[in-house]
Each structure stands twice: as C-alpha cells, then as structure tokens.
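The model shown is predicted, which means the values in this text are computed figures rather than measured ones. Indexing begins at 1, ligand by ligand and atom by atom, following the structure's order. Nothing fancy with the numbering, it's 1 onward along the sequence.
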Amino acid sequence: MVKANVLGQLFGLTSVVVGQQVYLAANGSTPRPQCTKCTEGEPQYTFTPFEYSMTSTVRYATSRPSPTTTTTYAAPLESLTSLIGSVSYTTWGKWDPTANATATDAANPYGNAAWTELWRIANPPNFTQEATSSVFSTTVKPTPVPTEELVLPPRDYFGPTDCYNFPPGFEFGVASSASQIEGATAEEGKAPSLMDILIQDDRPKDYVTNENYYYYKQDIERVAAMGVKYFSFSIPWTRILPFALPGTPINQQAIQHYDDVINYIIEKGMAPEVTLLHFDTPLQFYGTIHNVTAVLSNSEIGSTNGGYQNETFPDAYLNYAKIVMAHYADRVPVWYTFNEPLLYSANGKAIDHVIKSHARVSHFYREELKGTGKIALKFNDNFGVPRDPKSEADVYAADHFNSFQLGPFCNPIFLGQDYPESYKMTIPDYVPLSQQDLEYINGTADFLGIDPYTATVIAPPEPGSIDSIKECASNSSAELRPYCVNQTTTDIFGWNIGYRSQSYVYITPTYLRLYLNYLHNTFRTPIVLTEFGFPVFGEADKQNLSDQLFDSPRSVYYLSFMSEVLKAIWEDGVQVIGAFAWSFADNWEFGDYNQHFGIQTVNRTTQERNYKKSFFDLVDFMKARGVD
Ligand SMILES: *[C@@H]1O[C@H](CO)[C@@H](O)[C@H](O)[C@H]1NC(C)=O
Ligand SMILES: *[C@@H]1O[C@H](CO)[C@@H](O)[C@H](O)[C@H]1NC(C)=O
Ligand SMILES: *[C@@H]1O[C@H](CO)[C@@H](O)[C@H](O)[C@H]1NC(C)=O
Ligand SMILES: *[C@@H]1O[C@H](CO)[C@@H](O)[C@H](O)[C@H]1NC(C)=O
Ligand SMILES: *[C@@H]1O[C@H](CO)[C@@H](O)[C@H](O)[C@H]1NC(C)=O
Ligand SMILES: *[C@@H]1O[C@H](CO)[C@@H](O)[C@H](O)[C@H]1NC(C)=O
Ligand SMILES: *[C@@H]1O[C@H](CO)[C@@H](O)[C@H](O)[C@H]1NC(C)=O
Ligand SMILES: *[C@@H]1O[C@H](CO)[C@@H](O)[C@H](O)[C@H]1NC(C)=O
Ligand SMILES: *[C@@H]1O[C@H](CO)[C@@H](O)[C@H](O)[C@H]1NC(C)=O
Ligand SMILES: *[C@@H]1O[C@H](CO)[C@@H](O)[C@H](O)[C@H]1NC(C)=O
C-alpha cells in the first residue's frame with residue numbers, strides 16, 4: 001500500500017479524500033516476492049526412529065508491578081473547594097417499586113421522597129428484575145488471579161511477522177462504560193438516566209449487567225493481572241448528582257465509590273481514564289416524560305435524543321464536570337468530556353451545546369483547576385470509504401459521510417474552523433459559530449479520540465450523482481438522512497469487505513490504516529483509538545465455555561488492527577499515541593448480551609469472568625513491541 005497522499009496525487013484527488021482501494025486487474029495466483037529461491041526437483045523421503053520430540057514454551061501473563069511513585073495531575077480536593085462553590089453532600093437509599101412505606105420528607109426538594117419520585121416518573125420497564133437477579137449487594141473483596149489462569153493459550157498459526165515497536169509512552173488500555181457494566185441501577189442514591197429507560201420495545205432491559213458496581217475490585221484485579229496499564233471507565237452523572245442541576249446535593253456514596261475505584265486502579269499499578277458522559281444523560285433534561293418512545297426517537301441527527309439541546313444542559317454539565325474533576329483530577333491523567341456525541345445529538349443546538357460545553361470544561365480544567373493531564377472527546381465514525389475510488393461522486397459521498405460525523409466537532413476543536421458544508425447543508429437549524437466562539441473552542445482537546453470499529457462502503461443515493469446527495473440534504477423527509485449516502489458492507493465485486501461479526505463490525509485492518517491517514521492529515525493532532533473491538537459471530541450461542549474462550553477471529557481483529565496502526569506510525573508518519581480495547585469483558589450492548597465485545601467472558605448466573613484467548617494474544621502483541 002502506498003502512502004495516502006501519494007495515492008491522492010496519482011488520482012488527482014485532494015490529499016484528504018483518497019479512496020478505499022484501487023483495484024488493479026491481475027490474473028493467476030498471488031505472487032510470492034519473498035521467495036527468492038524455490039525448492040526444486042523431487043523431495044527426498046527418509047526413515048528415522050520416531051520420537052515425541054516436539055517442545056513448546058509455557059509463558060505466563062505478567063501482572064502490573066505495584067506503583068513505586070505517585071504522579072499527581074492537579075491539586076487535591078482540599079485546595080480546590082473554592083472552584084466548586086458551596087456544595088452539600090447527602091445520601092439516599094435504594095429504590096424499591098414495591099415498597100409500601102412512603103418517605104416522610106416530602107417538604108425537602110432533594111429528600112428521599114423527591115428522589116423516589118424521580119424513579120416513579122421514569123417508570124423503567126420491567127424494573128422488578130433488579131430486585132431478583134443480582135448476585136452481589138455489597139462490594140466484593142477481590143481474590144488474586146491464580147497463576148494457572150495466566151498461562152498463554154496456543155497461538156494461531158498465522159500471525160504478524162513485523163519488526164515494528166510502539167513509540168515510547170504509547171498508551172495501551174481497556175475501555176468500558178458505566179451503564180453497560182455497573183448494575184446497581186437504583187442503589188446508593190443513583191437517579192434514573194436515559195440508559196434506564198432507553199429500551200422500551202420487546203428487547204430485554206437488564207438492570208443487572210455485569211454488577212461491576214459491587215464487583216469492580218475483581219474486575220480491576222483481573223485486568224491488572226494481565227499487565228494492562230490503562231483502565232478507562234465512565235462516571236454516571238446521575239450517581240454524583242441525582243438531581244442533576246447546579247446547587248443540588250452531591251451523593252456522598254457515589255463520591256466515595258469512584259474514589260475507591262480510582263484508588264484501586266492506581267494501587268494495582270494501572271492508570272485511570274475517566275469519561276464524564278457516556279450516553280447516560282439525566283432524565284431531568286427531558287422534562288416530564290409522557291411518551292418515552294416519542295422523546296427518544298425525536299432526533300434529526302443522531303440515533304437517539306441525548307437531551308443535550310436542553311437550554312439548562314450547558315451550565316448543568318459544567319457544574320457536574322467541575323465537581324467530578326475537583327474530587328479526582330489529582331489522580332486522573334486523562335479526561336473525556338463526551339462519548340460519541342454525534343450519536344446522541346438530536347439537532348444543531350445539541351451539537352452547539354456539546355462543543356461549547358466541552359470547551360468550557362477544558363478551559364476550566366487547564367486554567368482554573370490547573371490540571372496537567374490531558375482532555376479530549378471520543379468520536380464515532382466507522383470510516384466511510386468510496387465504493388469506487390475512481391468515481392468522483394463516490395469520493396464526494398465518502399468525504400460527505402466522514403466530514404458530517406467528525407467535522408461539526410473536530411473542525412472547531414482542532415482547527416479553529418467552521419462546521420463542514422456537509423453538516424450545514426443538511427441541518428439548517430445549526431447554530432453558527434462566531435470568530436470569538438472559534439477562538440474559544442480551538443485547541444481545547446489534547447488529542448483526537450476515535451472509536452474506529454470498522455469501515456463502511458459509501459456511494460451517493462443515486463449511483464454517480466453528487467446532486468442526489470445535495471437533494472437529500474435539502475429534503476427534510478428524505479429516506480437516507482442525515483448522511484444522505486448509500487452505506488453498504490460489500491466491495492464493488494460483491495464480497496463482504498472483511499470477516500463479519502455479530503454486529504456491524506467487519507474486520508477491515510487496511511482501511512483502518514487509511515482512516516488514520518485521513519484523521520492525521522485532516523485534523524493534524526495526535527490520535528488515540530479510544531475504543532475498538534469485535535463481537536465474534538455466534539459466540540453467545542456457544543454452549544461450552546472453552547469454545548467461547550478460543551476466540552481466534554477476535555485475535556485476528558486485534559492483531560491485524562494493531563499491525564496496521566504500526567504501519568501507519570512508521571510508514572506513513574501518522575501520530576497514534578494510544579489504543580483501548582472494547583471491552584475488558586462482555587457486557588450489556590443496549591438491548592442484549594448476544595454481541596460479545598469482551599476479551600473476557602462473563603457468566604450471567606455467577607458473574608464469574610474468564611480470560612479469552614484474544615486477551616492474551618493482544619497483550620502479548622503489545623508487550624512484544626515495547627508497550628508498558
Ligand atoms: C485475465 O483473464 C481474463 C479472462 O481470460 C482476460 O480477459 C483478461 O484480459 C486477463 N487480465 C489480465 C490483466 O491479464
Ligand atoms: C407491600 O404490601 C403488599 C400488600 O400487602 C405486599 O404484598 C408487599 O410485599 C409489600 N411490599 C413490601 C416491600 O413490603
Ligand atoms: C419485559 O418483560 C417481558 C416478560 O418477561 C418481556 O417479554 C419483555 O421483553 C420485557 N421488556 C423489556 C423492555 O425489557
Ligand atoms: C429542560 O431541562 C429542565 C431541567 O433543567 C426541565 O425542567 C425542562 O422541562 C427541560 N425542557 C424540555 C423541553 O425538556
Ligand atoms: C408515542 O410516540 C410514538 C412515536 O412518536 C408513537 O408511535 C406512539 O403511538 C406514541 N404512544 C402513545 C401512547 O401516545
Ligand atoms: C487553532 O489553534 C492552533 C494551535 O492550537 C493554531 O495553530 C491555529 O492557527 C488555530 N486556528 C485558528 C483558525 O486560529
Ligand atoms: C423528499 O423525500 C421524500 C421521501 O423520499 C420524497 O417523497 C419527496 O419527493 C422528496 N422531495 C423532493 C423535493 O425531492
Ligand atoms: C445501495 O447500493 C446498493 C448497491 O448498488 C444497492 O443494491 C442498494 O439498493 C442501494 N441502497 C439504497 C437505499 O439506495
Ligand atoms: C461441550 O464439550 C463437551 C466436551 O468437549 C462435548 O462432549 C459436548 O458435546 C459439548 N457441547 C456442546 C453443546 O457443544
Ligand atoms: C455459568 O455458571 C453456572 C453455575 O456454575 C454453570 O452451570 C454454567 O454452565 C455456566 N455457564 C457457562 C456458559 O459457562
């Protein structure tokens with residue numbers, strides 16, 4: 001593969017919109033240029049005494065060493081209290097929808113009665129499951145991982161043969177999100193969030209998930225035992241501030257909980273990375289919900305209405321962020337303000353609120369709190385590649401697709417530039433950015449976090465017609481909105497673009513390398529793969545644990561993706577500074593457990609975790625190439 005910008009010059013395209021693949025016609029079998037000398041003539045057959053002489057190496061994963069030094073990234077809470085004004089702390093209990101006793105503090109706007117009322121209004125579907133299925137109701141004491149569990153599995157026969165290393169300081173970690181793992185949904189004062197009502201159809205709504213809220217020490221213990229350094233997780237706003245808004249009391253138990261989570265990660269020799277908002281918007285921003293389905297689906301941009309457009313959102317988000325940062329910034333090296341904000345942005349105002357809220361938090365962190373860690377966002381875009389890179393219309397379509405998803409955020413944040421045309425032509429109610437806005441927003445992220453799970457093949461709605469994209473963009477009832485392109489998963493010959501998973505993810509490593517070139521050359525900032533992972537097709541249907549654990553397709557995914565990251569770094573000059581596997585264990589994937597994205601299994605009856613082969617393979621790949 002040649003460098004992206006060379007491809008661009010070859011085909012007369014601009015350097016940022018080079019194509020997916022250019023197909024060069026050839027017949028016959030694959031050439032073997034590495035075979036400079038071939039064996040010729042007849043093989044010589046011989047007899048020898050037979051012996052069982054095969055040997056193999058038994059290797060063990062190496063656990064994180066205990067920390068010997070403490071790094072701080074901000075002053076401790078005691079020195080920062082003036083930044084969050086006068087705050088109060090309190091506690092609430094656990095919601096039991098069948099309880100007969102009513103709270104007696106109805107006069108207190110933030111008392112137990114008011115808290116219970118939040119749950120009653122939210123009325124989460126089938127909530128009683130919560131009471132019956134949990135294994136744990138208090139924090140579980142961790143048990144060290146026995147050495148026998150840390151033996152590396154047999155390798156896949158075909159594997160990487162490169163000699164590249166990762167540059168010093170490359171951050172390798174695992175990622176997760178609260179609503180997908182925590183459980184304890186209505187316990188220790190947590191108020192309802194969007195995630196508690198999101199599923200309203202006939203998919204099961206499970207409030208138990210992985211019970212990580214009580215099992216976090218074991219989860220951390222097991223990741224540290226494998227030698228992974230970075231542990232990325234999200235904190236739910238509705239645990240910290242059940243009443244969401246500025247001036248409302250802080251949940252003492254939640255503050256204590258995440259204090260313990262962060263301290264335990266550090267104690268185990270790892271580093272915590274925190275996402276402030278991962279889809280779990282407090283329900284307060286929706287007003288009183290009468291028709292949940294209508295509220296959630298009311299979005300002209302993202303798949304879900306995340307409530308960001310509410311006028312009270314920006315100040316409330318900043319207040320929440322300040323409180324969390326004041327408590328934990330001394331120990332947290334990396335902060336993410338929003339996870340995949342486009343997917344939960346309902347309209348132009350929502351996007352405006354996201355970028356300005358991010359900028360305000362970033363300015364607060366750097367200038368007032370004087371944090372020395374990093375701050376960024378996690379973006380979604382499964383790289384759009386032109387169906388035929390020699391077709392001007394397909395290239396235009398792919399660029400439209402990619403710039404629409406990234407540009408509304410990344411243009412102002414990384415370049416100090418206005419929104420892309422793809423966005424402005426589609427969303428007429430977008431909020432214009434002034435020169436002053438751009439100056440305030442520009443440079444407020446230290447790197448670009450991307451979740452590049454897979455690639456998507458893109459063409460205009462009508463083959464060959466750029467106009468058909470523009471017509472769709474200006475037609476508020478057009479079928480293919482908001483991206484106004486035809487998305488498929490096959491190449492121009494009809495083959496799938498890669499090995500298919502249980503979801504939208506296909507194994508597309510070479511497109512990842514092209515994508516990293518696109519991001520680097522377009523936004524000119526360091527890149528972190530903040531999430532990437534592969535739900536092996538049919539894995540949930542495998543009855544035997546040992547079959548689930550031998551997950552070769554997932555190993556192929558991770559090793560091939562990381563191999564292409566190395567090529568992007570060393571052969572293309574693309575700055576990639578970290579990668580986070582999604583996720584450290586199978587979890588709740590917004591409506592089911594059938595998409596196994598984990599590098600560990602979770603037994604849904606006992607909550608027991610087991611390492612999959614891919615976890616060992618990925619860690620071994622990284623460590624063999626110099627990663628701490
Ligand atoms: C490949 O074979 C086909 C069918 O025989 C032929 O038409 C074509 O010209 C060949 N292509 C090349 C590049 O040799
Ligand atoms: C509330 O009262 C009903 C009817 O007496 C009873 O069945 C139920 O168990 C009670 N709930 C609790 C939590 O005690
Ligand atoms: C609620 O429970 C019923 C019965 O178990 C089930 O059929 C339905 O799918 C569940 N609905 C949700 C949204 O979980
Ligand atoms: C916006 O959020 C506030 C809470 O801060 C709520 O009172 C109001 O109803 C919400 N507005 C809408 C339109 O949902
Ligand atoms: C709720 O809204 C949805 C989507 O707009 C609609 O299909 C449904 O009929 C509404 N339900 C009620 C009870 O009004
Ligand atoms: C945005 O900030 C970067 C430095 O962070 C600077 O190089 C660039 O010129 C700024 N862009 C604009 C349009 O001011
Ligand atoms: C807009 O899209 C709708 C739905 O596809 C279609 O019926 C209508 O004709 C389009 N309007 C225009 C002006 O193209
Ligand atoms: C997208 O393109 C494919 C391949 O040309 C075609 O089969 C499909 O019908 C198109 N989809 C839409 C929605 O236009
Ligand atoms: C599970 O594995 C055992 C032992 O290898 C085998 O006997 C059994 O048939 C397997 N079960 C299934 C459902 O594949
Ligand atoms: C989960 O654990 C239960 C109880 O030990 C066991 O019966 C079951 O086979 C386990 N499930 C899997 C998929 O291993």
Side-chain angles (χ1 to χ4, degrees), residues 97-98 119 122-136 140 143 149 153 179-180 183 185-186 192-211 215 218 222 283 289 291-297 300 304 425-428 460-463 465-487 502 535-536 538-551 554 585-613 615:
T98 66
W119 279 104
N123 187 27
N126 291 1
F127 191 74
T128 49
Q129 288 176 4
E130 164 74 5
T132 55
S133 338
S134 300
V135 181
F136 310 117
V140 178
T143 41
E149 264 198 71
S179 72
Q180 292 175 269
T185 295
S193 83
L194 171 54
M195 286 296 114
D196 296 303
I197 60 162
L198 181 67
I199 307 301
Q200 296 280 335
D201 53 27
D202 55 3
R203 286 174 293 163
K205 178 84 193 84
D206 195 327
Y207 302 99
V208 174
T209 63
N210 287 7
E211 302 196 43
Y215 208 48
Q218 191 65 36
R222 291 184 61 81
L283 288 185
I289 295 180
N291 184 338
V292 176
T293 315
V295 170
L296 295 183
S297 60
E300 53 174 315
T304 306
M425 74 167 77
T426 314
I427 307 298
E462 286 168 30
S465 166
I466 291 177
D467 283 348
S468 70
I469 299 173
K470 296 178 176 166
E471 279 158 22
C472 164
S474 62
N475 179 351
S476 62
S477 53
E479 202 185 323
L480 289 173
R481 291 181 73 84
Y483 307 131
C484 289
V485 295
N486 176 327
Q487 304 178 43
Q502 187 69 33
V536 175
E539 191 175 275
D541 299 330
K542 293 183 175 167
Q543 301 296 314
N544 278 354
L545 178 64
S546 55
D547 292 337
Q548 290 198 358
L549 298 183
F550 212 104
D551 59 338
R554 188 176 286 104
D586 293 335
N587 58 43
W588 181 65
E589 187 63 22
F590 311 107
D592 65 50
Y593 290 110
N594 296 331
Q595 297 171 58
H596 283 192
F597 274 93
I599 47 181
Q600 293 181 84
T601 57
V602 175
N603 185 309
R604 297 278 150 219
T605 311
T606 62
Q607 290 295 342
E608 187 195 357
R609 276 70 160 143
N610 277 283
Y611 298 122
K612 297 182 194 174
K613 171 176 153 61
F615 200 160

- request: Assign the ring pair F136 / Y215 to parallel, tilted or perpendicular, where the plane angle (0 to 90°) is split at 30° and 60°.
  value: parallel

task: List in chain and number order the residues that pass side chain to side chain donor-acceptor pair (under 3.5 Å) with D202, two or more places apart in sequence or in another chain; answer none if no residue qualifies.
output: none

message: With heavy-atom distances below 4.0 Å as the criterion, list the atoms of ligand 10 near T606.
response: 2 (O), 4 (C), 5 (O)

query: Roughly how far, to the nearest 0.5 Å, is CG of D206 from CZ of R604?
result: 7.5 Å

query: Got a sec, which pairs hit salt bridge (Lys or Arg N to Asp or Glu O under 4.0 Å) with one end in residues 586-601, sequence neighbours left out?
result: D586-K612

- line: Near A478 (heavy-atom distance under 4.0 Å), the atoms of ligand 7 are 2 (O)

query: Out of curiosity, R222 CZ to R609 CZ, how far, rounded to the nearest 0.5 Å?
result: 8.5 Å

query: Can you name the side chain to side chain contact (heavy atoms under 4.5 Å, CB included) partners of L545, sequence neighbours left out?
result: L549, T601, N610

task: Find the distance between CG (D551) and NZ (K542) and round it off to the nearest 0.5 Å.
output: 8.0 Å

message: What does the 4.0 Å heavy-atom contact list look like for ligand 3?
response: P125, N126, I199, D201, D202, R203, P204, K205

